[in-house]
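Before any comments, here is the structure.
Only this structure's heavy atoms are used, side chains among them; waters, hydrogens and symmetry mates stay out. We're numbering straight along the sequence, starting at 1.
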Amino acid sequence: MPSYRIGTTSYIYPDDIIPNIYRLKDRVDDVELLLFESDDDANIHSTKDIVELKRLSREFDLTYTPHLPLDLQFGGASKSIRDESVNIAASIIDILSEIDPYCYILHLNITEDDKRDIPVWQKRSGDSIKSMLSRTKCESNSIALENLNYPFEFLEDIIAEYDLSICIDIGHLIIAGNDVEEHLNRYIDSTRVIHLHGVDKERDHVSIRHIDKRLLMGISEILKEKKYGGVLT
């Protein structure tokens, strides 16, 4: 048996989150709750949903890894947009605290304008994270920053300063042409969640049958050797 928990996302079936969890509860150890927040597409849970998520967690030994909305702008140039992003994240964390999530996954998005002054973007992002943490009860290491389409080194100082965790997305590493095994070995000790999905040409989030078998075996060996104890989604 692996030392880590096997997870999947909350939208495997064409239905809402709760019906998906009913169908997944006997098949996985963790469900990543994909959360949306916009004027016409919000799926933040009602009190009734929270009660049911909590019950399913207890009965089936399920954990949850909520993925905060993809469009948050913690490091954006506009203070009002940064504040709004923090408000959304803090509100979601407050609502979901009842289900005691294993980890929250956060994207620190970056624009081409932001890339002209990385230290400023890092300062704004860090300040937003500090503000979010001050308004919630979650431990800082329950916030995991995910690698995106820019060098992960941009996040290292932020992770260290605020004692955050890491979410390693294998597909994103493959698309970026990064050395997956090197990245895993370097960051796995601070990693709470790993996203494992294939890449078909430039399209990611497809079956792992699209991952080179030697690479897949290498990943498996690293997880075993490092006694990885987080979630593999």
Are more than 12 heavy atoms from other residues, nucleotides or ligands located less than 6.0 Å from atom [atom1] of [X]?
X	atom1	value
Ile208	CD1	no
Glu139	CD	no
Lys130	NZ	no
Arg203	CZ	no

- Item | Ile222 and Asn185: CA distance, side-chain angles, deciding distance, side-chain contact (heavy atoms from CB on, under 4.5 Å) verdict | CA-CA 7 Å; Ile222 291 171; Asn185 278 312; 3.7 Å; yes
Here the ring-ring contact (aromatic ring centres under 6.0 Å, His included) pairs for residues 64-96, sequence neighbours left out, are His67-His107
Quick one: does [X]'s side chain get under 4.5 Å of [Y]'s, heavy atoms only?
X	Y	answer
Ile99	Pro101	yes
Leu196	Ile219	yes
Leu223	Ile188	yes
Ile81	Lys79	no
Leu62	Asp30	no
Thr65	Leu33	no
Ile92	Pro69	yes
Ile105	Val193	yes

Which atoms form the tightest heavy-atom contact between [X] and [Y], and what is the distance?
X	Y	result
Cys103	Ala144	SG-CB, 3.4 Å
Ala89	Leu68	CB-CD1, 4.3 Å
Phe152	Leu145	CE1-O, 4.2 Å
Ser3	Lys227	OG-C, 3.6 Å
Asn149	Lys115	O-NZ, 4.4 Å
Thr191	Tyr228	O-CE1, 3.4 Å

[X] side chain to [Y] backbone, donor-acceptor under 3.5 Å:
X	Y	value
Arg5	Val231	no
Asp204	Val199	no
Asn109	Leu72	yes
Asp16	Ile18	no
Ser10	Glu32	yes
Arg192	Tyr102	yes
Thr136	Met132	yes
Ser131	Asp127	no
Asp169	Leu148	no
Asp212	Arg214	yes

Would you give the length of the straight line joining atom [atom1] of [X] to atom [atom2] of [Y], rounded to the nearest 0.5 angstrom?
X	Y	atom1	atom2	value
Asn178	Ile170	CG	CD1	10.5 Å
Ser190	Asp163	OG	CG	8.5 Å
Lys54	Ser57	NZ	OG	9.5 Å
Asn147	Ile166	CG	CD1	9.0 Å
Leu96	Leu35	CG	CG	6.0 Å
Glu161	Ile158	CD	CD1	8.5 Å

[X], [Y]: one ILVMFWY side-chain cluster at the under-4.5 Å cut-off?
X	Y	result
Ile168	Leu232	yes
Val120	Leu108	no
Val51	Leu56	no
Leu70	Leu106	no
Met217	Leu173	no

Distance-only side-chain donor-acceptor flag, [X] / [Y], under 3.5 Å:
X	Y	answer
Glu156	Tyr187	yes
Asp94	Ser97	no
Glu52	Tyr22	yes

TODO: Check the pair Arg82 / Gln73 against side-chain contact (heavy atoms from CB on, under 4.5 Å), numbers first and verdict last.
DONE: CA-CA 6 Å; Arg82 296 198 304 274; Gln73 296 293 333; 5.7 Å; no
Review point. Would you call the rings of Phe154 and Tyr150 parallel, tilted or perpendicular if under 30° counts as parallel and over 60° as perpendicular?
Key: parallel
When Ser128, Ser140, Ser142 are each screened for side chain to side chain contact (heavy atoms under 4.5 Å, CB included) with Leu133, the one that passes is Ser140
Take Tyr11 and Ile17 through the test side-chain contact (heavy atoms from CB on, under 4.5 Å) and record every step on the way to the result.
CA-CA 7 Å; Tyr11 287 110; Ile17 287 179; 3.4 Å; yes
Practice item. Run the numbers on Cys167 and Ile194 for side-chain contact (heavy atoms from CB on, under 4.5 Å), then give the verdict. Key: CA-CA 6 Å; Cys167 170; Ile194 296 173; over 6 Å; no
- Would Arg186 and Glu182 count as a salt bridge (charged side-chain N to carboxylate O under 4.0 Å, His left out) if you check the C-alpha gap in whole Å, the side-chain angles of each, and the deciding distance to 0.1 Å? CA-CA 6 Å; Arg186 181 173 178 180; Glu182 179 184 351; 5.4 Å; no
Taken in chain and number order and not counting sequence neighbours, the residues that satisfy ring pair (Phe, Tyr, Trp, His ring centres under 6.0 Å) with His205 are His172, His197
Q.
For a salt bridge (charged side-chain N to carboxylate O under 4.0 Å, His left out) check, start with the C-alpha distance between Asp114 and Arg124, then their side-chain angles and the critical distance, and finish with the verdict.
A. CA-CA 10 Å; Asp114 294 332; Arg124 292 194 299 242; 3.1 Å; yes
